[in-house]
Amino acid sequence: MMRKILETLQPLGRALMLPIAVLPIAGLLLRIGQPDLLDIAFISAAGAAIFDNLGILFAIGVAVGFARDGNGAAALAGVVCYLVTTTGAQTFLTAPADVGAGWPEAAAALAGKNWALAQIDKLEVPIGILSGLIGGNFYNRFAAIALPEYLAFFGGRRFVPIASGVAGLLLAAVIGYGYAHISGAIDAASRTVVESGGAGLFVYGVLNRLLIVTGLHHIINNAAWFVVGDFAGATGDLRRFFAGDPNAGAFMSGFFPVMMFGLPAACLAMYHEARPERKKAVGGMLFSLAFTSFLTGVTEPIEFTFMFVAPLLYAIHALLTGVSMALMNALDVKLGFGFSAGLFDYVLNFSLATRPWLLLPIGAVYALLYYGLFRFFIRRFDLTTPGRERGEVAEAASASAGGTRGEAFVAALGGAANLVSVDACTTRLRLIVADQGAVDDAALSALGARGIIRPSENAAQVVLGPVADLVAEEIRGALAGGGGVVALAPQANRASEDATLPGDIAGALGGAANLRSVRALHGRYRVELADAAKVDEGALARLTRGLVRPQPDVCHILI
């Protein structure tokens, strides 16, 4: 059950990264336009526009992330649901008597409307996420719906925004009627988190690192960065920091000592503990990972080098992250970032921070801690960190024989027949595969994978670093072009080559004569078609859990 939940939530973790990906440019524009830098108002306003519309960005990003093929109709549905919900919910709110008191009637009405808008804006990110979930899931359910002939124009994908708008009406009524209770619950939760002080921040820091394994750390990050607290209408630690809240930054500051100093020092420790004949091979990789972490705060490629081979080190890393969160808060150090806790954000936001200079001595201590602890435990327990692997180690390859990188990854992942969906977030491929046994871990490692995670029976995540999204595009290109197509090796315990489809499903696929081959896989059928145009997707949507087409003449039928 837990594995199924993780597989279901995997698209949410990925989808949440889509709107977050625009925050670095938003933060950059917002800062350089400020009076203490370039003092150019329109540049600052351009950056603020992103922060002021995060709700609609989340509605789009989550909807596209959950749609089975990322179709724009899902994004439109998410936006429709969001706009209907936020606008409709405002009509249920009545401004306090003192808002606009003594003003002319028109001015008082406008003040009341602005008050209601400000109240709903406090919930814009949660509403955006809910709207995206509705838009994406409605697309998967209704994109192939068939309506009576006189309403046929509104069928198929056009029906999805319509249904999402109706759902938005219901959501608006729930939020409007229950606003006092919803707002009160969020305020109470925010106060509890803030008042928990160092203990709460310690738990947050530890959980943030531990949840990286599943990719669900983005969910708790979104609550901390975009929901907790309120400062002049800006909610969340990240938005309050850029709005000038002197108390904001508690959920970001503790990452700076770890990402800029601790993990780079851990890379140095792993290099010094590598076997002499392997130091040259791993030195360049570890230096590159350390430099990336220091500059940008992207740490997952480092963490996955020791997460599974040395879980003791990862437990130490998680605890030290929690301690850093509590320590920075205790010393009243408030730092913030638009992207992550690296040098770029530290320098850019230095003038907005509180006691930012303390990062340097704290960072130096953290570098010594990570270096000393990693070297001690690696040597004490003979941990197989990079450069200490036993036996022959495959060197990284850029492609398989004569093929492109995308084709090489397709082959290493079991071939096109094994890939049901291909997506990526900041640092990892997020895949649904037909058979985990067909994935060649050694080949993926040779292609540069830092780690491979299997959250469920069919979900797989391949950690590559910042190139993950580019690799995902190359894989899709290889699939579309027919490159790297490798059939799953026939194994009796894995698949049946001569499976028989139920009659109604076979009929929806154009009949038995249209089926070139049928293979039964885990939870699905893989079908090769003679004529792809004969498929009735509407009928399949009613008869099955879903349809995926990695190639025009190949279908994966989810059962």
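Residues satisfying the ring pair (Phe, Tyr, Trp, His ring centres under 6.0 Å) test with Phe51, not counting sequence neighbours, are Phe242. Under the ring pair (Phe, Tyr, Trp, His ring centres under 6.0 Å) criterion, Phe350 pairs with Tyr346, not counting sequence neighbours. The side-chain contact (heavy atoms from CB on, under 4.5 Å) test applied to Glu473 returns Arg476, not counting sequence neighbours. Residues that satisfy the side-chain contact (heavy atoms from CB on, under 4.5 Å) test with Leu28, not counting sequence neighbours, are Ile25, Ile32, Leu348. Shown here are the side-chain contact (heavy atoms from CB on, under 4.5 Å) partners of Ala269, two or more places apart in sequence or in another chain: Tyr371, Phe374, Arg375. Every residue meeting the salt bridge (Lys or Arg N to Asp or Glu O under 4.0 Å) condition with Arg240, not counting sequence neighbours, appears here in chain and number order: Asp237, Asp245. Phe251 is linked by a ring pair (Phe, Tyr, Trp, His ring centres under 6.0 Å) to Tyr204, counting only residues two or more places apart in sequence or in another chain. In terms of the salt bridge (Lys or Arg N to Asp or Glu O under 4.0 Å) criterion, residue partners of Asp332 (sequence neighbours excluded) are, by chain and number, Lys334. By the side-chain contact (heavy atoms from CB on, under 4.5 Å) test, Val323 is found to be paired with Phe202, Tyr366, residues two or more places apart in sequence or in another chain being considered. By the salt bridge (Lys or Arg N to Asp or Glu O under 4.0 Å) test, Asp345 is found to be paired with no residue, residues two or more places apart in sequence or in another chain being considered.
When all heavy atoms are compared, the tightest approach of Met252 to Leu238 is CE-CA, 3.7 Å. Minimum interatomic distance between Asn329 and Ala250 (heavy atoms only, all atoms of both residues): OD1-CB, 4.0 Å. The shortest non-hydrogen separation linking Val62 to Gly132 is CG1-C, 3.6 Å. When all heavy atoms of Leu447 and Ala412 are compared, the closest pair comes out as CD1-CB, 4.0 Å. The nearest pair of heavy atoms linking Ala75 to Ile60 is CB-CG2, 3.9 Å. In plain terms, the two heavy atoms of Ile362 and Pro257 that are nearest each other are CG2-CG, 3.9 Å.
Side chains of Phe344 and Phe339 form no contact here, defined as non-hydrogen atoms less than 4.5 Å apart. With contacts defined as side-chain heavy-atom distances shorter than 4.5 Å, the pair Leu57/Leu54 qualifies. Using a 4.5 Å cut-off on side-chain heavy atoms (C-beta onward), Val282 and Arg275 make no contact.
Note that CG of Leu320 and OH of Tyr370 are 4.5 Å apart. Values are rounded to the nearest 0.5 Å. Of the inter-residue distances, the one linking Thr321 atom OG1 with Leu201 atom CG reads 12.5 Å to the nearest 0.5 angstrom. Atom-to-atom distance recorded for Arg454:CZ and Leu431:CG is 10.5 Å, nearest 0.5 angstrom. Phe409 CZ to Glu474 CD: the interatomic distance, rounded to the nearest 0.5 Å, is 8.5 Å. Taking CD1 from Ile302 and CE from Met307, the interatomic distance works out to 11.5 Å, rounded to the nearest 0.5 Å. For the atom pair CZ of Arg430 and OG of Ser421, the computed distance is 11.5 Å after rounding to the nearest 0.5 Å.
Side chain of Asn137 to main chain of Leu133: a donor-acceptor pair is present (N/O by atom type, distance under 3.5 Å, no hydrogens or angles). The main-chain N or O of Arg209 is never found under 3.5 Å from a side-chain atom of Glu303 such that the two would form a donor-acceptor pair. Between the side chain of Asn71 and the backbone N or O of Ala74, no donor-acceptor pair lies under 3.5 Å. Thr235 places no side-chain N or O within 3.5 Å of a backbone atom of Gly229 that could act as its donor or acceptor partner. Checked by atom type and distance alone, the side chain of Ser445 pairs as donor or acceptor with a backbone atom of Asp441 at under 3.5 Å. A donor-acceptor contact shorter than 3.5 Å links the side chain of Asn458 to the backbone of Val433. The backbone N or O of Leu383 lies less than 3.5 Å from a partner atom in the side chain of Arg388, making a donor-acceptor pair.
Remark: of the listed residues Thr385, Asp382, Leu313, Leu313 is the sole one forming a side chain to side chain contact (heavy atoms under 4.5 Å, CB included) with Phe377. A side chain to side chain contact (heavy atoms under 4.5 Å, CB included) with Arg428 is found for one member of Val462, Ile453, Leu464 and no other, namely Ile453.
For Trp225 and Phe337, the ring centers are positioned less than 6.0 Å apart. In this structure, the ring of Phe261 has its center no less than 6.0 angstrom from the ring center of Phe256.
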Show which side-chain atoms of residues 288-295 pair as donor or acceptor with protein atoms under 3.5 Å away, not counting sequence neighbours.
{"unit_1": "Thr292", "atom_1": "OG1", "unit_2": "Ser288", "atom_2": "O", "d": "2.9"}
{"unit_1": "Ser293", "atom_1": "OG", "unit_2": "Met259", "atom_2": "O", "d": "2.6"}

Using distance only, find each side-chain donor-acceptor pair of residues 351-359 under 3.5 Å and give its atom names and separation, not counting sequence neighbours.
{"unit_1": "Ser351", "atom_1": "OG", "unit_2": "Arg31", "atom_2": "NH2", "d": "2.6"}
{"unit_1": "Ser351", "atom_1": "OG", "unit_2": "Asp36", "atom_2": "OD2", "d": "2.8"}
{"unit_1": "Arg355", "atom_1": "NH1", "unit_2": "Leu331", "atom_2": "O", "d": "2.7"}

Criterion side-chain contact (heavy atoms from CB on, under 4.5 Å) on Leu413 and Leu444, from CA distance to verdict
CA-CA 8 Å; Leu413 291 166; Leu444 289 172; 3.9 Å; yes
Before giving the answer on side-chain contact (heavy atoms from CB on, under 4.5 Å), spell out for Ile475 and Leu419 the whole-Å C-alpha distance, their side-chain angles and the decisive distance to 0.1 Å.
CA-CA 10 Å; Ile475 291 173; Leu419 290 171; 4.2 Å; yes
Can you list the steps and then say if Gln461 with Ile452 is a side-chain contact (heavy atoms from CB on, under 4.5 Å)?
CA-CA 6 Å; Gln461 299 176 5; Ile452 299 148; over 6 Å; no
For the pair Phe255 and Asn208, evaluate side-chain contact (heavy atoms from CB on, under 4.5 Å) and give the outcome as yes or no after the intermediate values.
CA-CA 10 Å; Phe255 290 120; Asn208 179 277; 3.5 Å; yes
